[in-house]
Amino acid sequence: MEDKFSNRAVSSLLRSIATVYVLKDENRFRVVAYERAADAVDHLAREIKDIWQDKKLEEIPGVGKAISSHLDEYFRTGHSRHFDEILKKIPESIFVLMQIPTIGPKKAYKLVMNLNLFDKDTAVEDLKKACLRGKIAQMETFGEKSQSDILQAIGIYEKRSIKEERMILPYAFSIAEQIIDYLKQKPYFKRIDKLGSLRRMVETIGDVDLAAVVDVKYNQQAIDHFIAYPKTIKIDNAGDKKASIIVTPNVRVDLRIQEKNSYGSMLQYFTGSKNHNIRLREFALKKNYSLSEYGITKVESSLSVKATADEAKIKKFNSEERFYGYLGLRWIPPEIREGTDEIELAAKGQLPSLVDLRDIKGDLHVHSNFDLQPSHDLGEDSFEAMIKKAEDLGYQYVGFSEHNPKSSLLDKDVAAILKKRRLVIDKIKAKNPGLKIFSGLEVDILPNGHLALPEGCPDYLDYLIVSVHSAFDLDAEAMTNRVLEALKNPKVRILGHPTGRYFGKREGFALKWEKIFDFVKKNGIALEVNAWPERLDLPDLLVREAVNTGVKLIINTDAHAASHLNNMFYGVEVARRGWAQNKNIVNCLDASDFKNWLVG
DNA sequence: GCCGTTTTCGGCCCGACTGTTTTCAGTCG
């Protein structure tokens with residue numbers, strides 16, 4: 001049973017209210033207001049229940065006096081009389097049918113009323129039967145085609161209910177890169193870009209969307225080449241400007257082709273996000289411009305004489321820089337196009353200069369294959385191989401941080417192992433004067449907040465990363481106390497993968513972030529942005545809060561093999577989505593400053 | 001119902017696609 005106070009539950013409640021208002025022909029802007037509030041709740045970095053407790057509901061953009069007072073009652077008593085009253089007006093099964101693609105409020109309403117689908121638990125099944133019996137085709141405004149479309153959509157809905165997972169970013173990214181390499185074999189692909197969430201580097205991706213500049217005379221050849229991609233298992237559709245294929249293992253890839261002269265508007269439009277584009281169009285409208293994927297048109301006020309065709313001509317843009325520039329904005333990095341305050345800041349020329357992969361000067365979360373009988377998995381490669389890779393990347397420093405030895409060992413044996421490791425690392429240091437090498441350890445935070453490391457052992461180490469690897473189900477209060485207890489050890493410099501989330505396995509646990517931020521800030525501890533593909537943790541939204549609070553971050557790969565050091569790119573992208581600049585990131589410091597931060 | 005360097009009242013994003021319409025409604029991104 002899902003928590004009725006979770007962000008997802010609250011946003012779904014708000015969306016349901018919007019649906020009722022659609023069906024009751026309520027003022028459409030009131031509908032939009034509820035949808036916007038729901039969107040805002042979906043994009044919160046923290047639990048809305050905590051925000052309610054802090055009495056800050058009205059600070060959520062799109063939540064005003066009315067909605068916040070209804071939500072206040074909802075959180076206090078478990079119900080909002082106002083919302084309940086509204087929801088009573090339509091059958092619950094409508095919300096169920098709306099989960100089926102292509103079925104929105106209007107269609108769901110008609111289907112429920114005409115076919116008596118009032119049982120929410122059987123509504124989908126009953127709808128399916130009605131399709132098979134040919135009942136839909138007989139209904140007004142429906143036909144044979146919509147009947148078979150609905151049947152097909154139910155199929156998609158059923159599959160999705162069982163298993164619909166978005167890909168993790170690095171996975172989608174590599175699929176895209178392979179296809180781009182393939183497309184580039186043909187010289188008529190003048191330029192290729194990723195679009196949508198992939199270009200914005202969102203942590204999970206649905207479809208792979210691509211755009212290409214092609215001279216119009218080569219459109220057909222370009223599309224033919226695309227759909228002939230060797231890993232294509234199905235061609236969904238292929239026009240002369242757009243095609244969709246499914247590639248192995250089962251990923252949908254869309255390609256859009258545009259001529260150079262309007263490529264900028266197209267790139268902008270399909271990069272999104274939806275919220276960013278909405279805000280941007282609102283911003284433009286105040287200057288009497290109307291935006292579309294084809295360019296910018298001047299809007300005439302209704303009082304003026306109708307514009308001649310020539311005046312209304314669309315202004316095209318071959319680059320995004322020009323597109324944004326025409327509106328009086330600085331170009332906005334795709335990673336922060338999420339419709340928060342990026343447009344306002346771009347207008348004032350106050351966008352931050354986001355951290356760049358080239359700013360990273362070292363990696364402090366690296367697991368070698370030095371066998372200290374670790375509590376978790378050992379790395380695959382030697383100290384030397386890792387060092388070689390770090391040097392190839394141009395790093396100034398690297399820190400080794402195997403997992404602590406397993407707790408079944410005697411304390412004195414752990415001490416002996418760590419002492420020996422220290423000697424080995426000291427020798428390696430002497431052989432590699434060009435790279436600063438630190439000796440650390442990633443230590444489990446036990447459920448009681450103690451470290452899985454015997455007293456005295458930190459003496460053999462330069463620094464500790466502490467991480468939660470067990471007992472993920474404590475409540476926020478207990479988990480916060482557990483983590484704070486662990487952070488008290490003076491050798492601790494980094495809180496590793498702070499939410500513990502792991503894509504495909506578990507959600508992150510909740511923490512009282514104000515308390516964590518406060519403690520790490522006072523004690524100069526860095527929160528890790530872990531670049532491991534299934535982690536990407538801290539998540540971007542919390543990165544932004546940390547940055548706003550003045551908390552220091554460190555981007556690490558958690559590498560268990562030399563090749564994993566390349567994942568730094570993804571960690572940097574998470575940080576960029578959180579508006580981090582290099583001044584927020586300790587491993588952007590030069591070696592001597594970094595050493596001062598790490599060991600004093 | 002929300003919101004404010006052109007507004008505390010009067011506004012509120014844009015277009016494609018599809019199927020059912022004979023001029024548009026519904027859904028989606």
Side-chain angles (χ1 to χ4, degrees), chain A residues 14-15 17-40 57-71 82-83 86 97-111 136-150 152-153 156 195-197 200 206-207 209 236-237 239 241-242 244 252 254 256 265-266 268-297 299 301-302 314 327-328 337 339 341 343-345 347-348 350:
Chain A
L14 295 170
R15 270 183 228 288
I17 302 292
T19 297
V20 180
Y21 282 155
V22 169
L23 294 173
K24 294 297 168 192
D25 250 348
E26 180 61 73
N27 177 330
R28 67 190 177 95
F29 297 112
R30 180 174 285 182
V31 173
V32 170
Y34 272 91
E35 281 170 349
R36 254 192 195 188
D39 277 343
L57 284 180
E58 279 198 60
E59 287 179 22
I60 300 172
V63 175
K65 277 209 160 33
I67 293 181
S68 67
S69 83
H70 300 315
L71 285 180
H82 178 69
F83 287 165
I86 293 166
L97 293 190
M98 281 175 60
Q99 315 262 331
I100 300 169
T102 73
I103 296 188
K106 305 281 179 83
K107 283 186 190 171
Y109 183 80
K110 277 185 201 163
L111 291 167
I136 311 292
Q138 298 160 16
M139 288 170 56
E140 224 174 291
T141 72
F142 289 83
E144 288 289 345
K145 184 70 168 76
S146 32
Q147 178 168 277
S148 65
D149 285 352
I150 289 176
Q152 199 185 1
I156 293 168
L195 294 172
S197 51
R200 302 198 314 281
D207 301 333
D209 290 325
D236 234 21
N237 59 62
K241 299 186 96 173
K242 178 178 176 295
S244 300
R252 185 191 175 88
D254 290 352
R256 291 166 191 280
S265 345
M266 197 263 252
Q268 194 288 319
Y269 180 83
F270 286 107
T271 296
S273 65
K274 183 180 155 200
N275 280 338
H276 174 79
N277 283 356
I278 288 174
R279 298 281 156 83
L280 191 65
R281 289 192 285 255
E282 285 172 352
F283 175 85
L285 209 55
K286 287 181 188 159
K287 303 186 170 204
N288 288 325
Y289 291 122
S290 173
L291 310 183
S292 80
E293 62 186 280
Y294 301 109
I296 299 179
T297 38
V299 182
S301 82
S302 55
I314 191 159
L327 297 171
R337 296 184 196 169
D341 47 353
I343 293 168
E344 189 181 307
L345 291 170
K348 293 183 194 157
Q350 291 175 359

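Naming: A, B, ... by sequence-line order, numbering from 1 per chain.
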Legend entry - Watson-Crick or G-U wobble partner of B:dC9, both distances under 3.5 Å: B:dG4
Provide the distance between the two [atom1] atoms, one in [N] and one in [M], to the nearest whole Å.
N: B:dG15; M: B:dT5; atom1: C1'; answer: 30 Å
N: B:dT7; M: B:dG11; atom1: P; answer: 13 Å
N: B:dC12; M: B:dT22; atom1: C1'; answer: 32 Å
N: B:dT23; M: B:dC28; atom1: P; answer: 25 Å
N: B:dT20; M: B:dC14; atom1: C1'; answer: 23 Å
N: B:dC13; M: B:dT18; atom1: P; answer: 26 Å
N: B:dG1; M: B:dT6; atom1: P; answer: 28 Å

Legend entry - Ion pair check, A:Asp209 and A:Arg252, cut-off under 4.0 Å: no
Inset, instruction - Could you tell me whether A:Glu35 and A:Lys274 make a salt bridge, using a distance below 4.0 angstrom between a side-chain N and a carboxylate O? - result: no
Could you give the [atom1]-to-[atom2] distance, from [X] to [N], as a whole number of Å?
X: A:Ile103; N: B:dC28; atom1: CD1; atom2: P; answer: 9 Å
X: A:Asn277; N: B:dG15; atom1: CG; atom2: C1'; answer: 12 Å
X: A:Arg281; N: B:dG15; atom1: CZ; atom2: C1'; answer: 8 Å
X: A:Met98; N: B:dG26; atom1: CE; atom2: P; answer: 13 Å
X: A:Arg200; N: B:dG29; atom1: CZ; atom2: P; answer: 13 Å
X: A:Asp39; N: B:dG29; atom1: CG; atom2: P; answer: 13 Å
X: A:Arg279; N: B:dC12; atom1: CZ; atom2: C1'; answer: 12 Å
X: A:Lys274; N: B:dG15; atom1: NZ; atom2: C1'; answer: 14 Å

If you define the side chain from C-beta out and look only at heavy atoms, does anything of [X] sit under 4.5 Å from [Y]?
X: A:Leu327; Y: A:Tyr289; answer: yes
X: A:Ile67; Y: A:Leu14; answer: yes
X: A:Arg256; Y: A:Lys241; answer: no

Legend entry - Set of ring-ring contact (aromatic ring centres under 6.0 Å, His included) partners for A:Phe83, sequence neighbours left out: A:His70
Inset, instruction - Give, for atom OG1 of A:Thr271 and atom CE of A:Met266, the distance between the pair rounded to the nearest 0.5 Å. - result: 9.5 Å
Legend entry - Chi class for B:dT7: syn within 90° of 0, otherwise anti: syn
Inset, instruction - Verify the contact: side-chain N or O of A:Tyr294 to OP1 or OP2 of B:dA16, cut-off strictly under 4.0 Å; return yes or no. - result: yes
Inset, instruction - Find which nucleotide of DNA chain B each of A:Lys107 and A:Glu282 is nearest to by heavy atoms, and output the residue with the more 5' nucleotide. - result: A:Glu282
Inset, instruction - Assign each of A:Ser292 and A:Thr102 to its nearest nucleotide of DNA chain B by heavy atoms, then name whichever residue's nucleotide is nearer the 5' end. - result: A:Ser292
Check the interface with nucleotides 1-6 of chain B: list each N/O to N/O pair with the protein under 3.5 Å, or write none.
| from | atom 1 | to | atom 2 | distance (Å) |
| --- | --- | --- | --- | --- |
| B:dG1 | OP1 | A:Tyr34 | OH | 3.4 |
| B:dG1 | OP2 | A:Arg30 | NE | 3.3 |
| B:dG1 | OP2 | A:Arg30 | NH1 | 3.4 |
| B:dG1 | OP2 | A:Arg30 | NH2 | 2.6 |
| B:dC2 | OP1 | A:Gly64 | N | 2.6 |
| B:dC2 | OP1 | A:Gly64 | O | 3.4 |
| B:dC2 | OP1 | A:Ile67 | N | 3.3 |
| B:dC2 | OP2 | A:Ala66 | N | 3.4 |
| B:dC3 | OP1 | A:Gly62 | N | 2.7 |

[X] side chain to [Y] backbone, donor-acceptor under 3.5 Å:
X: A:Asn277; Y: A:Tyr269; answer: yes
X: A:Thr297; Y: A:Ile314; answer: no
X: A:Arg279; Y: A:Gly339; answer: yes

Inset, instruction - Indicate, with a heavy-atom threshold strictly under 4.0 Å, whether A:Arg36 touches base, sugar-phosphate, or nothing. - result: sugar-phosphate
Inset, instruction - Look at atom CZ of A:Phe142 and say whether more than 12 heavy atoms of other residues, nucleotides or ligands are closer to it than 6.0 Å. - result: yes
Check nucleotides 18-25 of chain B for protein N or O atoms closer than 3.5 Å to its own N or O atoms and list the pairs.
| from | atom 1 | to | atom 2 | distance (Å) |
| --- | --- | --- | --- | --- |
| B:dG19 | OP1 | A:Lys145 | NZ | 2.5 |
| B:dG19 | OP1 | A:Asp149 | OD2 | 3.1 |
| B:dT20 | OP1 | A:Gly143 | N | 2.6 |
| B:dT20 | OP1 | A:Ser146 | N | 3.4 |
| B:dT20 | OP1 | A:Ser146 | OG | 2.6 |

